[in-house]
Protein chains: 2
Amino acid sequence: MPEKAVSTEVREIDQPAYHHGNLRRAVMDAALQAIGESGPAGWSLRELARRAGVSHAAPAHHFGDKAGLLTAVAAEGFELFADALERASGDVYAVGVAYVRFAIDHRPYFEVMFRPDLYRADDPAMRSARERAAHVLHTTAGKLSPSPEQNRLTTIAAWSLAHGFAGLWLNGSLPESAQGDPETIARALLEFVFGPLATSTSQ
Amino acid sequence: MPEKAVSTEVREIDQPAYHHGNLRRAVMDAALQAIGESGPAGWSLRELARRAGVSHAAPAHHFGDKAGLLTAVAAEGFELFADALERASGDVYAVGVAYVRFAIDHRPYFEVMFRPDLYRADDPAMRSARERAAHVLHTTAGKLSPSPEQNRLTTIAAWSLAHGFAGLWLNGSLPESAQGDPETIARALLEFVFGPLATSTSQ
DNA sequence: CTCCAATCTTGTCAGTGGCTAGATTGAAGG
DNA sequence: CCTTCAATCTAGCCACTGACAAGATTGGAG
């Protein structure tokens, strides 16, 4: 068996790695997996380092500290989130469904993104991505009615509805009657709330 | 100055207390305050013990471990929550507003209650209180329309709306246009969504 | 007065976060 | 080829944490 390990492969055991190849991404991915398994608090930086096969202090070089890592997770999450919403931009139902779908398909991101106490909320990359997502919400939900005041309300209503349903679904708070396909239910909810506005002439 | 401290007073300094008087409640209150200051993860059991003036292992006697303490917080929170909702039972608007109001007035409880990964979700006291609260939601939102299927949707819609708005408001995600009095906005949201259904002859 | 159960303390252990200092590496430039 | 250099990672340390075990203290019941 060969003595030297190829540097691009995953660390086998023991001896120092020094140039991991792409430790930053490896730690991020390990973090996302760990969050998916036991939430944003159910793991330690050292555990991620072990998973990546590096020393306990290696992640600190890339992220500073745990808050820094979660900041990076939130920033990347909001980027993906904004992408998903933009792809549905224009249609309230599609945006709402995309919101819920993102929360469920990318649960680890979502569980961090809306918990600002976990990371550095002043991170510029994260802020710009978050604003990009918010912009989609405002422009698509905010043009359902002519009145600007109504628009603010419509936006907040759609946002709250999608956000609340996603959150309740994720933490298992909903009754068994709502345990079906979340995307279907989300669509039904949106149609229930915004149907009168968009289908008939109504207000 | 007297040598002996009165047992019912808060511990001054140093020497053992042994019978604190009501340590369980003191630790709970310290926990609620700490959660309010820095979230459910921004403190340690040992810190609570110091605040209460007892040794670092004293809280464990009453709560077992940190999850046990948070379980007690969630259980008490759901009791207060159910009480608040029951007080408004029957009126969708009142229940919705009570939901949001509770989240804001009792933020430390709320931040724990809907995060089952923080505590023991199989706790019977907590479960029964939670079901009591859920029952109010079902009975008041679920009788707005004749169809049972519509009722399920109505319930989930009202729940999601209130829950989502409360969550977004608490973590500061809402735009500046929604930074006003949350109770007023919540009422406006509920009227926007359920107005057409209930206002006709009110109820 | 004795015993007992509840309550709290002291002591201990592995694990954690964050820090500093040092080792290793690839690459750039003479 | 050799030196320098910055990026990357390791090694070691410290205060702190959660969890546990064993012992001390207390009020009250018998």
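Every value quoted in this text rests on a predicted model; they were computed, and no experiment measured them. Lettering of chains follows the sequences in order, A, B, ..., and the numbering in each one begins at 1.
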Picking from D/dA19, C/dT9, D/dT10, the nucleotide nearest the side-chain atoms of B/S55 would be C/dT9
| said: I'd like to know if A/R46 reaches the base of C/dG15 with its side chain, counting only an N/O donor and acceptor under 3.5 Å. | reply: no
Using distance only, find each side-chain donor-acceptor pair of residues 71-84 of chain B under 3.5 Å and give its atom names and separation, not counting sequence neighbours.
| from | atom 1 | to | atom 2 | distance (Å) |
| --- | --- | --- | --- | --- |
| B/T71 | OG1 | B/A67 | O | 2.6 |
| B/T71 | OG1 | B/R120 | N | 3.0 |
| B/E76 | OE1 | B/R25 | NH2 | 2.5 |
| B/E76 | OE2 | B/R25 | NH2 | 2.9 |
| B/E76 | OE2 | B/Y109 | OH | 2.5 |
| B/E79 | OE1 | B/R132 | NH2 | 2.7 |
| B/D83 | OD1 | B/R132 | NH1 | 3.1 |
| B/D83 | OD1 | B/R132 | NH2 | 3.1 |

note: A/N22, atom CG; D/dT8, atom C1'; distance rounded to Å ~ 12 Å
Does D/dT17 have OP1 or OP2 sitting under 4.0 Å from an N or O in the side chain of B/R50? yes
Residues of residues 113-125 of chain A with a heavy atom under 4.0 Å from any atom of DNA chain D, listed by number, are none
Of the listed D/dA19, D/dC20, C/dG18, the closest approach to the A/H56 side chain comes from C/dG18
Residues at least two apart in sequence or cross-chain that pass side-chain contact (heavy atoms from CB on, under 4.5 Å) with A/V136, listed by chain then number, are A/L85, A/E86, A/S89, A/V95, A/T140
Applying ring-ring contact (aromatic ring centres under 6.0 Å, His included) to A/H106 and not counting sequence neighbours gives A/F102
Across all chains, not counting sequence neighbours, the side-chain contact (heavy atoms from CB on, under 4.5 Å) partners of A/H61 are none
Contacts of A/E47 and A/A57 projected onto DNA chain C by closest heavy atom; the upstream (5') one is A/E47
Taken in chain and number order and not counting sequence neighbours, the residues that satisfy side-chain contact (heavy atoms from CB on, under 4.5 Å) with A/H56 are A/R46
Here the side-chain hydrogen bond (donor to acceptor under 3.5 Å, both in side chains) pairs for residues 121-130 of chain B, sequence neighbours left out, are none
When rounded to whole Å, the CG to C1' distance for the pair A/L45 and C/dG18 reads 9 Å
The correct set of residues in residues 60-68 of chain B placing a heavy atom under 4.0 Å from DNA chain C is B/H61, B/H62
From CG of A/L48 across to C1' of C/dG17 the rounded distance in Å is 13 Å
Q) Got a salt bridge between B/E47 and B/R51, using NZ or NE/NH1/NH2 to carboxylate O under 4.0 Å? A) yes
Taken to the nearest whole Å, CG/B/L69 to C1'/D/dT17 is 15 Å
Minimal heavy-atom distance between B/M113 and B/Y119, with the atoms involved, is O-OH, 2.6 Å
For residues 156-169 of chain B, dump all side-chain donor-acceptor pairs below 3.5 Å to protein atoms at least two apart in sequence or in another chain.
| from | atom 1 | to | atom 2 | distance (Å) |
| --- | --- | --- | --- | --- |
| B/W159 | NE1 | B/Y99 | OH | 2.9 |
| B/S160 | OG | B/I156 | O | 2.8 |
| B/H163 | ND1 | B/Y99 | OH | 2.8 |

